[in-house]
**Student:** 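Take this structure, written in structure tokens, and hold onto it; I'll ask about it next.
In what follows, chains carry the letters A, B, and so on, assigned in the order in which the sequence lines appear, proteins first and then strands, with residues in each chain numbered from 1.
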Amino acid sequence: DTAVSQTPKYLVTQMGNDKSIKCEQNLGHDTMYWYKQDSKKFLKIMFSYNNKELIINETVPNRFSPKSPDKAHLNLHINSLELGDSAVYFCASSHADTQYFGPGTRLTVL
Amino acid sequence: AQSVAQPEDQVNVAEGNPLTVKCTYSVSGNPYLFWYVQYPNRGLQFLLKYITGDNLVKGSYGFEAEFNKSQTSFHLKKPSALVSDSALYFCAVRDRGSGNTPLVFGKGTRLSVIA
């Protein structure tokens with residue numbers, strides 16, 4: 001069984017559109033994260049939720065809005081997509097110290 | 001502030017030879033240190049971590065890492081490299097006293113093991 005899953009795996013869309021990426025973890029973890037990996041493979045935290053509450057919000061445009069309907073899910077909605085949003089987005093979850101990552105969603109904005 | 005440096009963008013090693021991927025860190029307190037591996041078009045996989053205790057940590061796939069507090073380093077090692085070890089390796093750090101703060105990742109080191 002997949003521990004941290006993301007859908008979709010690939011997302012190609014036009015500038016200006018709104019899109020969502022879903023993340024689910026079946027590990028029973030309390031904390032979930034969204035990371036962005038750019039074309040140079042640099043990984044940067046975007047958001048962190050603990051028990052459905054936002055605890056970290058890095059300098060991310062407010063076009064990005066995370067939503068956690070329950071402890072096992074953390075979805076990422078992006079409004080008015082821009083070319084610079086093209087990247088791979090990783091969801092992760094953690095309990096105590098170790099983070100476990102999903103397979104990633106490759107977003108391409110045309 | 002926390003930071004991680006991986007000074008090498010690329011490490012090349014012949015199959016069967018020992019490999020080292022370097023990592024140095026900076027935190028205000030005591031660190032939690034991690035290594036993750038990313039295979040092409042895949043997510044990050046946890047390899048090993050240092051929390052406390054023995055400075056030499058053993059992890060998955062025969063990898064190990066040594067925590068050196070005086071040099072603020074946490075280099076990843078393997079005695080005998082395999083072609084299948086070729087991947088992107090990330091070192092990450094978190095300050096132990098920082099609650100739920102996320103990991104800070106290095107920029108990654110691409111390991112290429114040549115047959």
**Student:** Considering only heavy atoms, give the residues of residues 48-59 of chain B separated from chain A by less than 4.5 Å, sorted numerically, with 'none' for an empty result.
**Tutor:**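 Within residues 48-59 of chain B, the residues that come under 4.5 Å of chain A (heavy atoms only) are B:Lys49, B:Ile51.
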
**Student:** Give the member of A:Ile45, A:Asp30, A:Val88, A:Leu43 that has the highest number of heavy-atom pairs under 4.5 Å with chain B.
**Tutor:**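 Ranked by heavy-atom pairs under 4.5 Å with chain B, first place is A:Leu43.
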
**Student:** As an exercise: rank B:Gln38, B:Arg110, B:Arg42 by heavy-atom pairs under 4.5 Å with chain A and give me the winner.
**Tutor:**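 Answer, by heavy-atom pair count under 4.5 Å with chain A: B:Gln38.
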
**Student:** Between A:His29 and A:Tyr100, what is the ring plane arrangement, given parallel below 30°, perpendicular above 60°, and tilted in between?
**Tutor:**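 Plane angle between 30° and 60°, so tilted.
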
**Student:** A:Thr31 side chain to A:Ser93 main-chain N or O, any donor-acceptor pair under 3.5 Å?
**Tutor:**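 Here the side-chain-to-backbone pair does not exist.
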
**Student:** Which one, B:Gly43, B:Ala92, B:Gly106, leads in non-hydrogen pairs under 4.5 Å with chain A?
**Tutor:**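 Heavy-atom pairs under 4.5 Å are most numerous for B:Gly43.
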
**Student:** At a heavy-atom separation under 4.5 Å, does B:Leu44 approach chain A through its side chain, its backbone, both, or neither?
**Tutor:**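 Contact with chain A is through both the backbone and side chain of B:Leu44.
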
**Student:** For the pair B:Tyr32 and B:Phe34, name the ring-plane relationship: parallel under 30°, tilted 30 to 60°, perpendicular over 60°.
**Tutor:**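 Rings of B:Tyr32 and B:Phe34: perpendicular, as their planes differ by over 60°.
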
**Student:** So what's closer than 4.5 Å to chain B heavy atoms on A:Gln37: side chain, backbone, both or neither?
**Tutor:**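 Contact with chain B involves the side chain of A:Gln37 alone.
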
**Student:** Over 60° means perpendicular and under 30° means parallel, so classify the ring planes of B:Phe63 and B:Tyr89, tilted if in between.
**Tutor:**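 Ring orientation of B:Tyr89 relative to B:Phe63: tilted.
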
**Student:** Could you go through the side-chain hydrogen bond (donor to acceptor under 3.5 Å, both in side chains) check for B:Asn17 and B:Ser80 one step at a time?
**Tutor:** CA-CA 5 Å; B:Asn17 281 3; B:Ser80 177; over 6 Å; no

**Student:** Does the distance from a Lys or Arg side-chain N to an Asp or Glu carboxylate O, for A:Glu82 and A:Arg63, drop under 4.0 Å?
**Tutor:**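 Yes, this pair counts.
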
**Student:** Can you say whether the rings of B:Phe105 and B:Tyr36 are parallel (under 30°), tilted (30 to 60°) or perpendicular (over 60°)?
**Tutor:**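 Ring orientation, 0 to 90° scale: tilted.
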
**Student:** Yes or no on salt bridge (Lys or Arg N to Asp or Glu O under 4.0 Å) for B:Asp9 and B:Lys107, after CA distance, side-chain angles and deciding distance?
**Tutor:** CA-CA 8 Å; B:Asp9 290 337; B:Lys107 63 181 173 61; 2.3 Å; yes

